[in-house]
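Written out below as structure tokens is the structure these notes cover.
So that the names make sense, note that chain A is the first sequence line, chain B the second, and so on, each numbered from 1.
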Amino acid sequence: MNRTLIRDALTNLRPPAEATVAGWVRTVRHSKGGFSFITLNDGSCLATLQVVADGKLPNYAEEIAHLTTGSSVVARGALVASQGKGQAVELQASEVRVLGRADADSYPIQPKHHTLEFLRTQAHLRPRTNTFGAVARVRNAVCAAIHEFFQRRGFLYIHTPIITASDCEGAGQLFRVTTLDVSAPPRGPDGAVDFAQDFFARSTYLTVSGQLEAETCACALGNVYTFGPTFRAENSNTPRHLAEFWMVEPEMAFCDLAGDADTAEAFLKHVFRAVLDRCAEDMKFFNDRIDNTVLDTLAHIADSEFQRVTYSEAVTLLEKAGRQWEFPMHWGRDLQTEHERFLTEETFRKPTIITDYPASIKPFYMRVNEPDAQGRRTVAAMDVLVPKIGEIIGGSQREERLDVLEARMAETHMKAEDYRWYADLRRYGTVPHAGFGLGLERCVQFVTGMANIRDVIPYPRTPRSAEY
RNA sequence: UCCCCGAUAGCUCAAUCGGUAGAGCGAGCGGCUGUUAACCGCUAGGUUCAAGGUUCGAGUCCUUGUCGGGGAGCCA
């Protein structure tokens, strides 16, 4: 069908102009004076187009007069200046074709306010609402900006496996992938399930991170990034966690922690600026209806330096804050949510990059720093914290020294043979390299102000929830 | 997984001390109107999440479970 997107009809066409539009009915107002106003949305933008259907249309009495919210419609006619007050232009229809009716008694999306919780139970229809349409468009703009940032800088987009045998130590619980009959799996002599008979002749899982594989590509191709789905079987029930989410993971050869942090900051600023520039209408909606701080916050961040502090400096700040912490802070403990929020929301009031965490609380692959003046051992790790969401990016410089890496693996009782391929990168032509991971949904949450991560992905997967 | 809160009409909510369930929106019908989530009138619509328990009597109190929300942990 050769149709005009409503976005283009509203912004690019200058009346009078002929146009055919197609979409779903938001509301209908009938006039016994002999015509109807059909408010049409096609998802191309937040705004709707008012279609005026004259009573002389051949299907007026039979179809148009009984049109309901949610019905799909194709309308052809002249785009003209509107006589009414709510809109600049409208479509004076010469033809209105009803493609599919929506029974008003059972259609769940009524022309009224619905709670986000209710709409979550209608995941297949909620994209037809203003909020979820806007989320979808902003999410798309974020993804486009992500690719654009890396492509402009010469990063290669690589694809790391979804099914993996490695568990990226410490990154959480795994979903097992198997074709074995779960009601009667083959068992070995010791009674344990014999995964040697499974599809891959070994235990396999859905990936929790493409980082280790991305490192192998970076250590050949220079700068690369992955952008794909990631799975965590953690029983996390919060507005910030999903069992299936999308992660962006750049990996850069010949790069240290400072370069990693520079890239992360430039990256976030690019994404925020792109959304402000390209999704003005949707962002105004979020600012008006969801969170009246998002526009100011994004504009401020896109133009200002991120705060950078070391973990040790952060601990000192927290100790001197003169606050009663639920979890008293001292060097060596991980930062709790209350500490991260204090730093990013109260102390600095902007995105904050915390670096150089104690080695004891971070995974084996992070590069070990020289001991500090007090002889404390840290690693070249960084977390980027933003107000309200908390950690939006986690990254590090990777340990490129074989002996140090092997010692760290031994410390944490890892099986060296499982990571032989990973150690090979250090065995043959090792280079300093660094990277980070961005949770796409947390980024979309931050940009839109949506409070619950389940509302920034079309079909959220969380514990006990995969209905659609 | 732990701690709090909640579940009543299609949706959003109300129901006093434990006394027999009500409104708005939506829907149907009628009226009116270049209307703007229109407006006015009428009508229909309920196993009060489930299972037990206390009581003459339970939407209301108790127990358990299910689901939802917030906080925490884990993290992105």
Side-chain angles (χ1 to χ4, degrees), chain A residues 25-39 41 47-55 66 68-70 80-87 90 92 102-122 129-130 168 170-173 208-211 227 229-249 264 326-327 334-338 340-341 361-363 383-386 389-395 436-446 451-457 462-465 467:
Chain A
V25 173
R26 282 291 174 78
T27 61
V28 194
R29 293 176 295 276
H30 302 296
S31 166
K32 290 297 191 308
F35 45 89
S36 295
F37 299 101
I38 303 165
T39 303
N41 182 275
T48 52
L49 178 66
Q50 174 160 287
V51 175
V52 184
D54 193 89
H66 301 103
T68 52
T69 298
V80 298
S82 178
Q83 301 171 35
K85 284 205 173 71
Q87 58 285 316
E90 64 190 14
Q92 192 71 46
D103 179 45
D105 268 330
S106 58
Y107 185 60
I109 312 296
Q110 303 166 356
K112 61 167 296 220
H113 173 78
H114 289 104
T115 59
L116 296 173
E117 291 81 7
F118 170 72
L119 291 171
R120 255 169 244 155
T121 70
Q122 309 293 330
T129 64
N130 282 334
C168 200
Q173 305 273 11
V208 292
S209 165
Q211 179 200 315
F227 187 1
T230 306
F231 307 87
R232 304 276 167 91
E234 294 284 355
N235 190 11
S236 296
N237 296 285
T238 85
R240 301 181 304 282
H241 288 86
L242 291 167
E244 176 182 297
F245 63 100
W246 286 66
M247 190 151 66
V248 182
E249 296 177 282
E326 190 183 342
F327 300 93
D334 209 351
L335 296 173
Q336 303 294 306
T337 297
E338 58 174 336
E340 294 182 345
R341 295 191 65 150
I361 58 172
K362 289 293 181 183
D383 282 356
V384 181
L385 311 177
V386 295
I389 307 298
E391 186 179 346
I392 195 169
I393 280 178
F436 62 83
L438 167 92
L440 175 67
E441 285 75 15
R442 286 192 183 171
C443 183
V444 177
Q445 262 192 288
F446 182 69
N452 196 310
I453 201 166
R454 293 167 185 138
D455 298 329
V456 297
I457 185 169
T462 53
R464 299 180 307 284
S465 177
E467 187 187 348

Using the [atom1] atom as the reference point in each nucleotide, state the distance between [N] and [M] in Å, no decimals.
{"N": "B/U20", "M": "B/U48", "atom1": "P", "value": "15 Å"}
{"N": "B/G68", "M": "B/C29", "atom1": "P", "value": "37 Å"}
{"N": "B/A14", "M": "B/C25", "atom1": "C1'", "value": "14 Å"}
{"N": "B/A50", "M": "B/U43", "atom1": "P", "value": "29 Å"}
{"N": "B/G59", "M": "B/A51", "atom1": "P", "value": "13 Å"}
{"N": "B/G19", "M": "B/A37", "atom1": "P", "value": "42 Å"}
{"N": "B/U63", "M": "B/A23", "atom1": "C1'", "value": "33 Å"}
{"N": "B/C3", "M": "B/U47", "atom1": "P", "value": "34 Å"}

Base contacts versus sugar-phosphate-only contacts with protein, heavy atoms under 4.0 Å: please encode nucleotides 27-37 of chain B as B, S and - from 5' to 3'.
S----BBBBBB
Treat primed atoms plus P, OP1 and OP2 as sugar-phosphate and everything else as base, then score nucleotides 65-73 of chain B 5' to 3': B for base contact with protein heavy atoms under 4.0 Å, S for sugar-phosphate contact only, - for none.
--S-SSSBB
Does the side chain of [Y] come within less than 4.5 Å of [X]'s, by heavy atoms?
{"X": "A/Phe446", "Y": "A/Ile392", "result": "yes"}
{"X": "A/Arg454", "Y": "A/Thr462", "result": "yes"}
{"X": "A/Asp383", "Y": "A/Ile393", "result": "no"}
{"X": "A/Gln83", "Y": "A/Val52", "result": "no"}

A/Glu338 side-chain N/O to A/Glu326 backbone N/O, donor-acceptor pair under 3.5 Å:
yes
Any side-chain to backbone donor/acceptor pair from A/Glu234 onto A/Gln173? Under 3.5 Å, distance only.
yes
Criterion side chain to side chain contact (heavy atoms under 4.5 Å, CB included) on A/Asn237 and A/Arg464, from CA distance to verdict
CA-CA 10 Å; A/Asn237 296 285; A/Arg464 299 180 307 284; 3.7 Å; yes
Expressed in angstrom and rounded to an integer, what is the separation of [X] atom [atom1] from [N] atom [atom2]?
{"X": "A/Leu119", "N": "B/C11", "atom1": "CG", "atom2": "C1'", "result": "10 Å"}
{"X": "A/Gln211", "N": "B/C75", "atom1": "CD", "atom2": "C1'", "result": "14 Å"}
{"X": "A/Ile38", "N": "B/A38", "atom1": "CD1", "atom2": "P", "result": "14 Å"}
{"X": "A/Arg232", "N": "B/A76", "atom1": "CZ", "atom2": "C1'", "result": "6 Å"}
{"X": "A/Ile457", "N": "B/A76", "atom1": "CD1", "atom2": "P", "result": "17 Å"}
{"X": "A/Ile453", "N": "B/C75", "atom1": "CD1", "atom2": "C1'", "result": "11 Å"}
{"X": "A/Asp103", "N": "B/G10", "atom1": "CG", "atom2": "P", "result": "14 Å"}

For side chain to side chain contact (heavy atoms under 4.5 Å, CB included), just list the numbers for A/His241 and A/Arg442, CA-CA rounded to whole Å, side-chain angles, deciding distance to a tenth of an Å, and then say yes or no.
CA-CA 9 Å; A/His241 288 86; A/Arg442 286 192 183 171; 3.4 Å; yes
What one should report as the nearest heavy-atom pair of A/Ala451 and A/Pro239 is O-CB, 3.5 Å
Assign [X] to base, sugar-phosphate, or nothing according to its heavy-atom contacts below 4.0 angstrom with the strands shown.
{"X": "A/Ile393", "value": "sugar-phosphate"}
{"X": "A/Phe245", "value": "base"}
{"X": "A/Leu440", "value": "nothing"}

Sorted by chain and residue number, the side-chain hydrogen bond (donor to acceptor under 3.5 Å, both in side chains) partners of A/Arg240 (sequence neighbours excluded) come out as none
Partner set under ring pair (Phe, Tyr, Trp, His ring centres under 6.0 Å) for A/Phe245, not counting sequence neighbours:
none
List for me each residue that meets ring pair (Phe, Tyr, Trp, His ring centres under 6.0 Å) alongside A/Phe327, sequence neighbours excluded, and say none if there are none.
none
Suppose we screen for side-chain contact (heavy atoms from CB on, under 4.5 Å). Which residues come up paired with A/Thr121, at least two apart in sequence or across chains?
A/Phe118
Suppose we screen for salt bridge (charged side-chain N to carboxylate O under 4.0 Å, His left out). Which residues come up paired with [X], at least two apart in sequence or across chains?
{"X": "A/Arg26", "result": "none"}
{"X": "A/Arg29", "result": "none"}
{"X": "A/Glu90", "result": "none"}

Protein-nucleotides 39-46 of chain B N/O pairs under 3.5 Å:
none

Take A/Val28 and A/Thr69 through the side chain to side chain contact (heavy atoms under 4.5 Å, CB included) test and state the conclusion after the steps.
CA-CA 7 Å; A/Val28 194; A/Thr69 298; 5.6 Å; no
Between A/Ile457 and A/Leu242, does the side chain to side chain contact (heavy atoms under 4.5 Å, CB included) criterion hold? Intermediate values first, please.
CA-CA 10 Å; A/Ile457 185 169; A/Leu242 291 167; 3.9 Å; yes
Which is it for B/C17, anti or syn, if anything within 90° of zero counts as syn?
syn
Could you summarise the pairing of RNA chain B as dot-bracket text, marking Watson-Crick and G-U pairs under 3.5 Å with ( ) or [ ] inside the strand and | across strands?
(((((((..((((.....[..)))).(((((.......))))).....(((((..]....))))))))))))....
Short N/O separations, protein against nucleotides 7-9 of chain B, under 3.5 angstrom:
none

